[in-house]
Amino acid sequence: MSEQWGTGTLSATGPNRPAAAPASSLGWQPVLDGEERTEALTAVAEIAAALGSLPHDDASLAGGTAGRAVLHARLVADDPAQRDAALACLRHAAASLRTPGGSSSLFLGAAGTGWVVTHLAGELLDARDRCASLDRALLRLLDRQPWPGRFDLVTGLVGLGVYALERLDVLKGTALLERVVRRLGEMAVRDEDEVYWWTRPQWLNEEVRTAAPSGQIDLGLAHGIPGPIALLGAACAAGVASDVARGPLEGAVARLLREAANAEHLSYSWQPGRDPSPARTAWCYGEPGVASALLIAARGAGEPAWEEAALALARRAASRSLADSGVVDAGVCHGAAGLGLIFARLHHATGDPVLGDAARSWFERTLELRQPGTGIGGFATEGPEGATDDPGLLTGATGIGLALHAAASDQEPTWDRILLLSATPVTSRGSGLT
């Protein structure tokens with residue numbers, strides 16, 4: 001961003017005052033018990049210890065200190081020593097935002113660190129609002145018409161909307177969310193009764209762009225139309241620009257459900273004249289992430305038929321074998337821990353025992369992938385060039401630690417709002433899946 005962000009210091013809730021315990025949702029229970037629960041908590045502690053010895057270089061939510069701060073903060077209630085690690089990470093992330101020209105996005109830039117600071121206010125940090133200047137900068141950015149950037153969750157408008165949802169306590173949070181909804185509405189492509197957001201070719205990597213030179217309709221939660229669907233549903237629940245959100249939301253759900261009905265596997269994307277390619281089973285692409293987005297939209301907009309469709313997709317994904325899933329490592333984005341977290345969240349939201357069994361199975365698979373003494377806390381990330389030590393939240397150890405903590409703890413994983421697996425409850429700030 002070209003705007004400077006934040007001039008105050010980040011202070012803890014007090015040197016002799018313990019951080020407030022994170023809120024728990026009614027009915028949130030550990031997925032794992034017995035020896036598996038103990039193993040999961042041991043793995044989390046080892047991940048946190050390993051992360052604490054790493055340098056502070058990347059400041060982002062996706063791969064750097066903003067994300068690591070969330071994990072350390074989650075562990076403070078059981079291990080007060082984690083507070084210093086959390087604050088050190090958060091100070092590094094905040095300091096990086098004072099440099100002009102950085103990204104505004106949720107996972108790679110200013111909105112991500114602002115989200116973490118807001119999320120931890122009153123818990124790790126005192127309750128002062130440290131994000132007013134960031135709000136002003138984002139409001140100016142969102143006044144641009146037409147919107148010049150991307151629409152997606154990871155790098156675009158939807159991610160800014162997730163930040164706004166976290167800040168509905170303040171007036172500018174509502175204004176931010178309204179602007180995001182309006183910009184999404186302006187970017188939407190309308191095709192009779194259906195709506196979608198077109199992924200432009202310049203946003204694609206070289207390999208995909210070669211196959212889709214004119215662009216595509218992306219069907220994944222991370223970069224495609226499920227992101228706007230979840231966000232617009234959350235805006236409806238919050239009563240923010242719901243008159244603007246409702247039309248694009250209904251049309252987008254219609255398009256997504258048509259794509260989901262076309263094959264046994266939801267595809268990665270739709271491209272003119274090309275056969276669909278079946279997506280892996282994951283958060284970023286495939287039925288689990290899409291089911292979560294649809295469930296948030298269904299409850300936000302009061303549409304029981306959408307909820308039935310979401311559960312059908314979730315159960316379809318839950319029935320898929322490991323060999324058919326495409327899972328090769330444990331990360332949140334497209335690995336076993338991410339699937340465990342998604343199915344656990346869906347199970348706690350719906351009570352469906354099939355989804356609870358799937359959550360347990362995928363967390364057990366996560367523990368099977370752990371190799372103590374290697375990687376970060378026993379976990380490595382598989383990439384094009386082999387296994388690497390990845391500290392990140394999306395694809396690496398931070399996210400695995402957060403997911404395993406959710407599996408072994410009675411603390412609700414409210415941090416998963418950044419993934420659009422849940423949203424802030426209606427009773428506190430506005431919208432949500434609880």
Side-chain angles (χ1 to χ4, degrees), residues 21-22 24-25 28-52 54 61-63 67-79 82 85-86 89 282-283 288 292 322 325 327-348 355-382 387 389-419 421-422:
S24 295
S25 70
W28 185 268
Q29 297 292 329
V31 175
L32 300 176
D33 55 20
E35 292 182 1
E36 290 176 333
R37 180 175 183 270
T38 300
E39 184 180 354
L41 291 174
T42 298
V44 173
E46 291 184 4
I47 288 170
L51 290 172
L54 295 180
L61 181 57
R68 284 156 62 178
V70 179
L71 174 60
H72 290 302
R74 294 293 291 180
L75 305 181
V76 168
D78 295 322
D79 180 7
Q82 294 292 328
C89 286
W283 169 77
S292 296
L322 173 62
S325 69
V327 170
V328 297
D329 59 16
V332 164
C333 182
H334 45 262
L339 288 173
L341 176 66
I342 293 170
F343 287 122
R345 174 60 77 177
L346 290 169
H347 167 67
H348 282 92
L355 305 181
D357 290 342
R360 191 172 301 104
S361 293
W362 281 110
F363 280 126
E364 289 170 352
R365 177 57 182 162
T366 302
L367 294 174
E368 290 171 0
L369 288 166
R370 179 172 175 251
Q371 299 182 30
T374 66
I376 299 176
F379 291 99
T381 297
E382 294 296 330
D389 295 350
D390 181 350
L393 188 153
L394 269 188
T395 57
T398 295
I400 296 168
L402 282 164
L404 284 175
H405 187 261
S409 170
D410 59 4
Q411 294 180 23
E412 180 189 6
T414 53
W415 62 271
D416 71 0
R417 298 199 280 256
I418 57 175
L419 301 170
L421 299 183
S422 65

Where Phe379 and Ala43 come nearest, the two heavy atoms and their spacing: CE1-CB, 4.3 Å
Close side-chain approach of Glu36 to Val31, heavy-atom, < 4.5 Å: no
Non-neighbouring partners of Ala48 that pass side-chain contact (heavy atoms from CB on, under 4.5 Å), sequence neighbours left out: His72, Leu75, Gln82
Sub-4.5 Å side-chain heavy-atom contact between Glu39 and Arg370: yes
Distance (rounded to the nearest 0.5 Å) between Ser325 OG and Leu339 CG: 7.0 Å
Distance in Å, Leu341 CG paired with Trp415 CH2, rounded so as to fall on 0.5 Å steps: 4.5 Å
Thr38 side, atom OG1; Glu35 side, atom CD - distance, nearest 0.5 Å: 7.5 Å
Considering all heavy atoms, the nearest Ala40-Ala408 contact: CB-CB, 4.1 Å
Trp28 and Pro413, any side-chain heavy atoms less than 4.5 Å apart: yes
Candidate pair Trp362 and Val327, rule side-chain contact (heavy atoms from CB on, under 4.5 Å), full reasoning: CA-CA 10 Å; Trp362 281 110; Val327 170; 3.8 Å; yes
Test item: His347 side-chain N/O and Asp357 main-chain N/O as donor-acceptor pair under 3.5 Å: no
Leu41/Asp78 under side-chain contact (heavy atoms from CB on, under 4.5 Å): CA gap, chis, key distance, verdict: CA-CA 11 Å; Leu41 291 174; Asp78 295 322; over 6 Å; no
All side-chain contact (heavy atoms from CB on, under 4.5 Å) counterparts of Ala387, not counting sequence neighbours: Ala380, Glu382
Asp329 and Thr381: side chain donor to acceptor below 3.5 Å: no
Euclidean distance, Arg417 CZ relative to Leu419 CG, rounded to 0.5 Å: 11.5 Å
Criterion side-chain contact (heavy atoms from CB on, under 4.5 Å) on Thr414 and Ser422, from CA distance to verdict: CA-CA 7 Å; Thr414 53; Ser422 65; 6.0 Å; no
Interatomic distance, Glu364 atom CD to Leu369 atom CG [nearest 0.5 angstrom]: 12.5 Å
Nearest non-hydrogen partners of Pro288 and Ile342, listed with the distance: O-CG2, 3.7 Å
Atom pairs and distances, donor-acceptor, side-chain atoms in residues 389-407, under 3.5 Å, two or more places apart:
| from | atom 1 | to | atom 2 | distance (Å) |
| --- | --- | --- | --- | --- |
| Asp390 | OD1 | Gly392 | N | 2.8 |
| Asp390 | OD2 | Thr395 | OG1 | 2.5 |
| Thr398 | OG1 | Pro391 | O | 2.6 |

Between CG on residue Leu32 and OG on residue Ser409, distance to nearest 0.5 Å: 11.5 Å
